[in-house]
Number of protein chains: 2
Amino acid sequence: MTLETLPRHKGGADELARLLARALLAGHWQPGDIFPKEMDIGTHFDVSRNQVRNALARLTSAGLLDRTAGRGTQVREMSDWHLLDPLMSEWMTGLTDLDPQLTRAIYAFRFSAEPVVAGLAAEAADAADIARLEAAFEGMQKTAQSAAARAQHAEYDVMFHDATYQASHNLVWRQMGHLLRPSIMALVHGSQHRTDTFDDSLSRHRRVLEAIVRRDAEAASFAAREVLRRTAIDLGIVN
Amino acid sequence: MTLETLPRHKGGADELARLLARALLAGHWQPGDIFPKEMDIGTHFDVSRNQVRNALARLTSAGLLDRTAGRGTQVREMSDWHLLDPLMSEWMTGLTDLDPQLTRAIYAFRFSAEPVVAGLAAEAADAADIARLEAAFEGMQKTAQSAAARAQHAEYDVMFHDATYQASHNLVWRQMGHLLRPSIMALVHGSQHRTDTFDDSLSRHRRVLEAIVRRDAEAASFAAREVLRRTAIDLGIVN
DNA sequence: ATGCTAGTAAATGTCTGACATTTATACAAG
DNA sequence: CTTGTATAAATGTCAGACATTTACTAGCAT
C-alpha cells in the first residue's frame with residue numbers, strides 16, 4: 001500500500017494522525033507491513049518532519065505502529081491495538097469500512113459486558129445519572145419516527161448507553177463508554193430501518209431505564225442483554 | 001508540589017515519563033494544579049527540552065495532563081485518566097503508595113468483570129490457553145509454601161488471571177489483562193500471608209481452572225467470583 | 001562454498017536555536 | 001467599570017545538523 005491514494009489534509013498533526021489511523025483501521029496495510037518512512041509522508045502531505053513525527057508518535061502510543069531506529073516503521077498485529085484508547089474511538093467513529101472483525105469483537109464485548117454494567121448502574125445511579133438516562137431516552141423517542149432524524153437517533157442511543165456506563169460510578173467501566181460511539185455508528189449503516197424495529201428497540205431500552213430507576217439490578221442486567229440480543233444474533237455472536 | 005523531591009534519573013525520555021507519571025499516580029499533584037513548565041523540568045533533570053516534551057506528550061496521551069499554549073500544563077481529573085492504557089499499568093506496577101481510591105476502583109471492576117471473563121473463557125479456551133492456565137496454576141502451587149517466593153507467587157497469580165482474559169478470545173477483554181499486574185501487586189503488600197490463606201486461595205483458583213477445562217461457563221463464572229470475594233470484602237466493595 | 005568482519009547506506013532518534021502562537025496579566029484611556 | 005492595548009510567559013512549530021541503530025553488501029579467510 002502506498003500513500004498516493006490518501007487525500008491531502010487541511011489541519012495540523014491531529015488531522016494527519018487521524019488520516020493515517022483511519023487508513024490503518026480500514027485495513028489498508030497488513031500487520032507486519034512496513035509503513036512509509038517519515039520523509040516520504042512529509043513530502044507527500046507537505047508538512048514538516050516534526051508534524052509527521054508527532055502524528056506517528058500518536059499512532060505508536062495507540063499500539064498501531066512499532067518504530068525502531070534503523071529498521072523503520074512497522075504495522076502491529078490487530079491484537080496489539082489499544083482499542084480502549086479514547087483516541088482510537090475518535091478515529092473509528094464514522095468509519096464506514098471499519099474492519100468487520102473489529103466491529104464484531106467490540107459488539108461481542110458489549111454483549112457480555114453491558115448486562116454487568118447495567119446491574120451496577122442500578123445499584124449506584126444517582127439523580128443526575130437518572131436524569132441523563134431519561135433525557136437520552138426521550139431523545140430516542142422523539143427521533144424514532146422520522147427517517148430524517150436517523151443520525152440524531154444514533155446520538156441519543158450513544159448517550160443512553162454512555163449514561164449507563166457513567167451510572168456504574170466505577171472509574172474503569174466509565175472509560176469504556178468511549179467504545180460505544182464507534183460501535184453504534186458502525187451498525188447504523190448496515191441495519192434495516194423499519195419502524196417496528198425502532199419501536200421494539202425503544203421498548204427494550206425503556207425496560208432498562210425502568211429497572212435502573214427502581215434499583216433492580218437483576219432486571220436491569222436482563223433488560224440490557226435483551227437490548228443487544230437482536231444485533232448479536234445478526235452478527236453471529238450468539239444464536 | 002515542586003520537583004525538588006524527585007530523584008534524578010538515569011535513562012532517556014521513557015524513564016523521565018515514568019518518574020513523573022508515578023509521582024502523579026501517587027497523588028503528589030492535585031487535579032487542577034499547574035504542572036512544572038518544560039524549562040524547569042529540563043534544568044532540574046538536566047535533559048534537553050525535546051526529552052521533556054516527549055515525556056510530557058506521553059503523560060498527555062495517557063490523559064494525566066492537559067497542555068495548552070500560553071496557559072501551561074495542568075493536571076487532569078482522575079476520572080479522565082486512561083486507566084486502560086498499557087503504559088499506565090506499567091507505571092502503576094510496583095507503586096506501593098498508589099492512590100487507594102484507584103486500587104479500590106480497579107478491584108471493584110475486576111470483581112464485576114472477571115466472572116464474565118471466566119465464563120467466556122470456558123466457552124472459548126483452546127489447548128494453548130489451557131496449557132497456560134495449568135502452567136500458571138502449578139507455579140502458584142510451587143510457590144505457595146515459602147514466604148521467600150512471595151514475589152514469584154504474585155507473578156504466577158498475574159499469569160493465571162491474564163491467561164483467563166486471553167482465553168476469552170475477545171480483542172477487547174484481552175486488552176484489560178494489563179490491569180491485572182498493578183492490581184495484584186498493589187495487594188501483595190497490604191494483605192496478611194498466613195499459609196491457610198494461600199491454601200484457600202489455591203483451591204479457589206483450582207475450581208476456576210477445572211470449570212474452564214470442562215467447559216462449564218456457569219461454574220467458571222461462580223468460581224471466579226469466589227476467588228475475588230475475600231479481598232472484595234476486605235476492601236469494602238461487597239459485604 | 002561458508003562464515004566472519006568491516007564498511008556503507010538508510011532509517012529513526014536527539015539536540016539546538018530561533019521563531020510562531022496562544023494565553024494571562026497589567027495598565028491606561030474612555 | 002469597561003475596553004483596548006502592550007507585554008510577558010508559556011507551549012507549539014520549524015529547520016538543520018548530528019547521533020544511533022539496523023540491514024545489507026563486499027571482501028576476506030578458513
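Chain letters run A, B, ... following the sequence lines, proteins first and then strands; every chain starts at 1.
The interatomic distance linking A:Leu65 (CG) with C:dG13 (P) rounds to 11 Å, in whole Å.
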Nucleotide N/O to protein N/O under 3.5 Å, stretch nucleotides 6-14 of chain D:
from: D:dA10; atom 1: OP1; to: B:Lys37; atom 2: NZ; distance (Å): 2.1
from: D:dT11; atom 1: OP1; to: B:Thr73; atom 2: OG1; distance (Å): 3.4
from: D:dT11; atom 1: OP2; to: B:Glu38; atom 2: N; distance (Å): 3.2
from: D:dG12; atom 1: OP2; to: B:Arg53; atom 2: NH1; distance (Å): 3.2
from: D:dG12; atom 1: OP2; to: B:Arg67; atom 2: NH1; distance (Å): 3.0
from: D:dG12; atom 1: N7; to: B:Arg49; atom 2: NH2; distance (Å): 2.9
from: D:dG12; atom 1: O6; to: B:Arg49; atom 2: NH1; distance (Å): 3.4
from: D:dC14; atom 1: OP1; to: A:Gln51; atom 2: NE2; distance (Å): 3.4
from: D:dC14; atom 1: OP2; to: A:Ser48; atom 2: OG; distance (Å): 2.8
from: D:dC14; atom 1: OP2; to: A:Gln51; atom 2: NE2; distance (Å): 2.9

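When only modelled atom types and interatomic distance are considered, A:Gln175 and A:Tyr165 share no side-chain donor-acceptor pair under 3.5 Å. In the model, B:His153 has no side-chain atom that pairs as donor or acceptor with a side-chain atom of B:Asp157 under 3.5 Å.
The list of salt bridge (charged side-chain N to carboxylate O under 4.0 Å, His left out) pairs with a residue in residues 160-178 of chain A, not counting sequence neighbours, is empty. Counting only residues at least two apart or on different chains, the salt bridge (charged side-chain N to carboxylate O under 4.0 Å, His left out) pairs with a member in residues 53-74 of chain A are A:Asp14-A:Arg58, A:Glu38-A:Arg53, A:Glu38-A:Arg67.
Using cut-offs of 30° and 60° for the angle between ring planes, the B:Phe35 and B:Trp29 rings count as tilted.
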